[in-house]
Amino acid sequence: MHRGLADTAGGLPSVFWYLWAGLLINRAGAFAILFLPLYLTAVRGASESLAGVVIGAFGAGGAAGVLLGGVLADRWGRRATLVAAHLASAVLMVALALSQHLGVIAALALLVGVTHAMPSPAFVAAIVDVVPESRRSRAFNLQFWAFNLGMAVASLLAGLLAEASYLALFLVDAAATLATAALIAWKVPETIRHAPGSTVTGSRRPGLHTALTDRHFMVFVGLTFILAVLTTQTSTIMPLAMRADGLGPSAYGTVMALGGVLIVLGQLFVPRLIDRHRKAHVLAVSTALLAIGFGALAIADVLALYLGACVVWTVGSMLAAPPNAQINAELAPPALRARYQSVFYLAFPAASFVAPTLGGLSLQQWGDVHWLIVGGVGLLAAGGHLLAGPSRERRVSALRSSAGPEAVEPTSTGDGRRASV
């Protein structure tokens, strides 16, 4: 067990663990938005349609916040962006808790969406900055595990706090966000290895357009978007399908809880399982498992079949997490690392829009055939990873061979500082 833990979590600098702790605290306290629709309808008297508009404003703010966070993390630095975003989010959350006018609440929800999403690119870019490439698979695996563990804690605490006081729900969320800001300001130094605001050389000033016109990267983002569309089925279309099969909210909660338990218990073992295999092959297998799991819902009509399918697609999600993050890091130029992260993260809000919009129409028109369509799209994406993998690997090799001092791999010292090897 000691050797297993050392392999899973050893060799990581102390700065990573402070970032990891900050992410866990942030996720465990991020529960106010989970109950925002109920708060709007039950406390503020909003209609369901108006509550939907407010939630939509939060989502739109999130898409903008991801891009803004990526740009600022490359220009200001990771630490400054993380601290500023968390402080702003805490202040806005308190204002949201105390506001009564629905127009003001909608505007604040938009701004909270921006500040809530801003840290994501900076968190990942900082991890890439400080973790040696040989340990990044472990680091990203632990990041994914912390995210899901935090969300599980948030779901549990949110229900308890909402029953006691919606005001407490928002204030505790703000306190957790403030604690994350304090931890980062106290323990996390600036991790960016080039001077903040510096750029790579070229005929045109690099920026977001560099990522958006990077063919290898955008093919990878497109395949990740399909993966996100598949995983988003669990929170958008699957509840409707379960209701049509006569299964109530408790059955849906059981399926979702099983997925969370599997990730919390099994995610730490994933790196040792996939290390010997090429990333493209792992992603092809993981996407195929997602496709099979969701495709199986075409014949699911009882809880046991839904639970069995959940095991299959959850294993697929677990396998996909480390190589997805590794490839994203490998393709990004160091000076544009956070910008590349922000474009990558856009795949997820885009999937949150596409999955329910097209999925609801598909389920209504074709019933259970919808799941066969989802499975087919997933299998095509699995094939896409196999086709794109060799070209992407050559691109990564070329980037490494042409890189200068920026590509020198960091190694941690005892106090978490970096030295070059």
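Values reported hereafter were calculated over all heavy atoms of this structure, with side chains retained and with hydrogens, waters and symmetry mates removed. Positions are given from 1, in the same order as the sequence printed here.
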Taking distance alone, no hydrogens or angles, what donor-acceptor pairs closer than 3.5 Å link side-chain atoms of residues 359-370 to residues at least two apart or in another chain?
unit_1, atom_1, unit_2, atom_2, d
Ser362, OG, His370, ND1, 2.9
His370, NE2, Gln233, OE1, 3.1

(message) Between Phe217 and Phe344, is the ring centroid distance below 6.0 Å?
(response) no
(message) With a 4.5 Å cut-off on side-chain heavy atoms, are Pro390 and Arg278 touching?
(response) yes
(message) With heavy-atom distances below 4.5 Å as the criterion, would you say the side chains of Pro119 and Asn26 are in contact?
(response) no
(message) With a 4.0 Å cut-off on N to O distance, would you call Glu330 and Lys279 a salt bridge?
(response) yes
(message) Salt bridge or not between Asp74 and Arg337? Use side-chain N to carboxylate O under 4.0 Å.
(response) no
Would you tabulate the side-chain donor-acceptor contacts of residues 241-260 under 3.5 Å, counting partners in other chains and residues two or more places apart, or write 'none'?
unit_1, atom_1, unit_2, atom_2, d
Asp245, OD2, Tyr306, OH, 2.7
Tyr252, OH, Thr234, O, 2.9
Thr254, OG1, Ser250, O, 2.9

(request) Could you walk me through whether Asn148 and Gln267 pass side-chain hydrogen bond (donor to acceptor under 3.5 Å, both in side chains), step by step? (result) CA-CA 10 Å; Asn148 284 277; Gln267 189 66 44; over 6 Å; no
Would the distance check show the side chain of [X] and the main-chain N or O of [Y] forming a donor-acceptor pair, the cut-off being under 3.5 Å?
X      : Y      : value
Thr232 : Ala228 : yes
His281 : His277 : no
Ser391 : Ala388 : no

(request) Can you sort out the partners of Arg392 under salt bridge (Lys or Arg N to Asp or Glu O under 4.0 Å), two or more places apart, ordered by chain and number? (result) none
Please list, one pair per line, the donor and acceptor atoms closer than 3.5 Å that link side chains of residues 283-299 to other protein atoms, with sequence neighbours excluded.
unit_1, atom_1, unit_2, atom_2, d
Ser286, OG, Val282, O, 3.2
Ser286, OG, Leu283, O, 2.9
Thr287, OG1, Leu283, O, 2.7

(message) Please enumerate all residues that pass ring pair (Phe, Tyr, Trp, His ring centres under 6.0 Å) together with Phe140, with sequence neighbours excluded.
(response) none
Anything under 3.5 Å between a donor and an acceptor, one on a side chain of residues 110-118, the other on a protein residue two or more places apart or in another chain? List them.
unit_1, atom_1, unit_2, atom_2, d
Thr115, OG1, Leu111, O, 3.3
Thr115, OG1, Val112, O, 3.2
His116, NE2, Arg27, NH2, 3.3

